[in-house]
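Read through the structure below, which is laid out as structure tokens, and then see the notes.
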Amino acid sequence: MSNNNQKGLRKTLGLSAALSTVVGMLIGSGVFFKPQAIYESTNGGAGLGLLAWLIGGLITIAAGLTAAEISSSIVKPGGLIVYLEEIYGEKVGFLTGWMQSILFIPAITAALGIIFAQEAVSLLSLQSDIYVILIAIGVIVLIALLNSLGAKFGGGIQTVSTICKLIPLALIVIFGFIKGEPSTDIMTPLVGENTNMVSAISQVLIATLFAYDGWIYVGALAGEMKDPAKHLPKAIVGGISLVMGVYIIINIAYLCVVTASEMAAVSAPATLVASKLFGESGAKVISVGILISVFGTLNGFLMTGGRIPYIMGCDGRIPFSKTFAKLNNNGVPLNGMWLIAGLAIIYSLSGQFNFLSDLAIFTIWIFYTMLFVGVIKLRKDKPNMKRSYKVPLYPVIPIIAIIGGVFIVVSTFITQTQNAILGLIITLAGLPIYNIIKNKKIKQEIQNNVA
């Protein structure tokens, strides 16, 4: 990968700035839509659904604390690609970038486009399902076009959407507790009748980890923090704990207004709760806030996602590297972004939000788990490596992260075998591509030497 580093970064971030960044990156669209998948998996059991947000949060804290040791030590652009290449070699680094470019980011982008479209269709009272596909494609194209104007414009969208996504959350929590009917026994039943517990735990964790995804970027803050060894773990634990608290509280607020079974039956539980609290007119206002939130999350994935094919293109790692290594006049890796957008449009034709998000989370957690193992591997292979931050309670925290990752991957493979195999096929399809490019480079080097 590129040898550029982050020596030029200013160390200006204190604890409060790092905390707010963590919270801003994690709170997205999952809390509005994933309760449907969670309570469907529990057959209407509220208890396991609430526990899932806690367990998912604890796994995320262990993951964030563990991964930050590597991301604060390997301060090169490229993120997960660079980290895994440093630990396992060039081939794994390529597969990581391939998976993110071809599967993870396009699938998440498509999933977000679908839930945006579903919410818009509900808001506009449109009847045909074809509108979901058309609106999903339309919003993906629109955001790609907007981001072609430059990073500053895309960053502005992020700022506005971050503010807007907090408004519906706050209103639902406040009025849910005021106007709802809190239950004194909200943890029962744990699951509904005839529920396979292993399958249910696997599916609810996959759902909550979609809502928590974004923690991998937290460690990159180390290069801009005044005292990463002291403040980074506090920012990770504090930020993720705060998000976890918000997620649990809002789900309790949901359950004060509607039952878990009711949430399992609708694609947008937050909108259902809003209609109960504020009536149809008030629910439409909340829906607009949710749409802006999803729009912002979508923008974030497309804005950052195009950088991955660009980085790989600059290093000659992918087919048509010269094309993907280009920037437009606004400094945007436009070709890389349109690769992501084009694949997302294809994936969105499925119209399946939960299928796409589950597929993406399963696949990315294979590589996350390799990263957790890599922390232990690097400690042994490179004991003298400069580490501005070390994971606390080593090796306990990394082991917790590894156990969580292995459970998610293995249980998903068992309970959603077809989806898991599809994810593996798409990922491993990168191997022959890697071999072709590698052999082409070797031949080119031989020819250059002969010349």
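No more than 12 heavy-atom neighbours from other residues, nucleotides or ligands sit within 6.0 angstrom of OH on Tyr131. In the displayed structure, Asn439 atom CG is contacted under 6.0 Å by more than 12 heavy atoms of other residues, nucleotides or ligands. Counting heavy-atom neighbours within 6.0 Å of Lys441 NZ, excluding the residue itself, gives a total above 12. At most 12 heavy atoms of other shown residues, nucleotides or ligands fall within 6.0 angstrom of atom CG in Asp129.
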task = Check step by step if salt bridge (charged side-chain N to carboxylate O under 4.0 Å, His left out) holds for Glu69 and Arg379.
result = CA-CA 10 Å; Glu69 176 166 316; Arg379 286 276 188 115; 2.7 Å; yes
query = After noting the C-alpha distance and the side-chain angles of Ile286 and Thr271, does the key distance pass the side chain to side chain contact (heavy atoms under 4.5 Å, CB included) rule?
reply = CA-CA 7 Å; Ile286 297 296; Thr271 305; over 6 Å; no
request  = Before giving the answer on side chain to side chain contact (heavy atoms under 4.5 Å, CB included), spell out for Val409 and Val406 the whole-Å C-alpha distance, their side-chain angles and the decisive distance to 0.1 Å.
outcome  = CA-CA 5 Å; Val409 171; Val406 169; 6.0 Å; no
Verdict with supporting geometry, Glu90 and Arg317, side chain to side chain contact (heavy atoms under 4.5 Å, CB included) = CA-CA 10 Å; Glu90 189 179 86; Arg317 296 291 194 99; 3.9 Å; yes
query = What's the verdict on side chain to side chain donor-acceptor pair (under 3.5 Å) for Asp358 and Gln203, showing C-alpha distance, side-chain angles and the deciding distance?
reply = CA-CA 8 Å; Asp358 287 358; Gln203 290 179 62; over 6 Å; no
request  = Take Asp213 and Leu209 through the test side chain to side chain contact (heavy atoms under 4.5 Å, CB included) and record every step on the way to the result.
outcome  = CA-CA 6 Å; Asp213 198 56; Leu209 289 172; over 6 Å; no
task = Evaluate side chain to side chain donor-acceptor pair (under 3.5 Å) for Ser29 paired with Lys34, printing each intermediate quantity in order.
result = CA-CA 8 Å; Ser29 57; Lys34 275 300 181 181; over 6 Å; no
task = Could you walk me through whether Glu86 and Lys382 pass the salt bridge (charged side-chain N to carboxylate O under 4.0 Å, His left out) test, one step at a time?
result = CA-CA 11 Å; Glu86 182 81 19; Lys382 298 182 179 180; 2.7 Å; yes
task = May I have the step-by-step check of side chain to side chain donor-acceptor pair (under 3.5 Å) for Thr415 and Ser199, ending in yes or no?
result = CA-CA 6 Å; Thr415 60; Ser199 175; 4.8 Å; no
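The closest donor-acceptor contact from the side chain of Ser348 to the backbone of Ile345 lies under 3.5 Å. Side-chain N or O atoms of Thr109 include one that pairs as donor or acceptor with a backbone N or O of Ile105 at under 3.5 Å. With Ser101 contributing its side chain and Trp98 its backbone, the two residues share no donor-acceptor pair below 3.5 Å. The backbone N or O of Val121 lies less than 3.5 Å from no partner atom in the side chain of Ser125, so there is not a single donor-acceptor pair. Asn299 places no side-chain N or O within donor-acceptor distance of the main-chain N or O of Phe295, the cut-off being under 3.5 Å. Although no hydrogens or angles enter the test, the distance criterion places no donor-acceptor pair under 3.5 Å between the side chain of Ser122 and the main chain of Glu119. Listed for the Asn328 side chain is no donor-acceptor partner under 3.5 Å among the backbone atoms of Leu334.
The shortest heavy-atom contact between Ile308 and Ile81 is CG2-CD1, 3.6 Å. Looking at every heavy atom in both residues, Ser241 comes nearest to Ile61 through OG-CD1, 3.5 Å. Nearest heavy-atom pair across Trp53 and Ala211 is CZ3-CB, 3.5 Å. The nearest pair of heavy atoms linking Thr66 to Pro398 is OG1-CA, 3.4 Å. Among all heavy-atom pairs drawn from Glu40 and Ala264, the shortest one is N-CB, 3.5 Å. The two residues Ser73 and Met385 come nearest to each other via the heavy atoms CB-CE, 3.9 Å.
When side chains are defined from C-beta on, Val141 counts as touching Trp338, because their heavy atoms get closer than 4.5 Å. Using a 4.5 Å heavy-atom cutoff, the side chains of Leu80 and Ile364 are in contact. Proximity of Phe104 to Thr363: side-chain heavy atoms (C-beta onward) are nowhere separated by under 4.5 Å. Contact of the Arg387 side chain with the Leu378 side chain is registered, since non-hydrogen atoms from C-beta on lie closer than 4.5 Å. Considering only heavy atoms from C-beta on, Thr96 stays 4.5 Å or farther from Tyr83 through its side chain. When side chains are defined from C-beta on, Lys438 does not count as touching Lys91, because their heavy atoms never get closer than 4.5 Å. Leu54 has its side chain within reach of Met244: a pair of non-hydrogen atoms, C-beta onward, lies under 4.5 Å apart. Side-chain contact between Phe324 and Met312 is absent, with no heavy-atom pair separated by less than 4.5 Å.
Between atom CD1 of residue Ile408 and atom CD1 of residue Ile366 there is a gap of 11.5 Å, rounded to the nearest 0.5 Å. Here the straight-line distance linking atom CD1 of Ile361 with atom CG of Leu356 works out to 11.5 Å at 0.5 Å rounding. Taking CZ of Arg307 as the reference point, atom CG of Leu327 lies at 8.5 Å (rounded to 0.5 Å). For the atom pair Leu422 CG and Thr427 OG1, the distance stands at 9.0 Å (nearest 0.5 Å). Separating the CG atom in Leu424 from the CZ atom in Phe413 is a distance of 6.0 Å, to the nearest 0.5 Å. Atom CG of Leu302 is separated from atom CG of Leu142 by 10.5 Å, given to the nearest 0.5 angstrom.
For Tyr434 and Phe94, the distance between ring centers is under 6.0 angstrom. Between Phe210 and Phe362, the ring center distance fails the sub-6.0 Å criterion. Between Tyr368 and Trp215, a ring centre-to-centre spacing shorter than 6.0 Å is recorded. For Tyr212 and Tyr247, the ring centers are positioned less than 6.0 Å apart.
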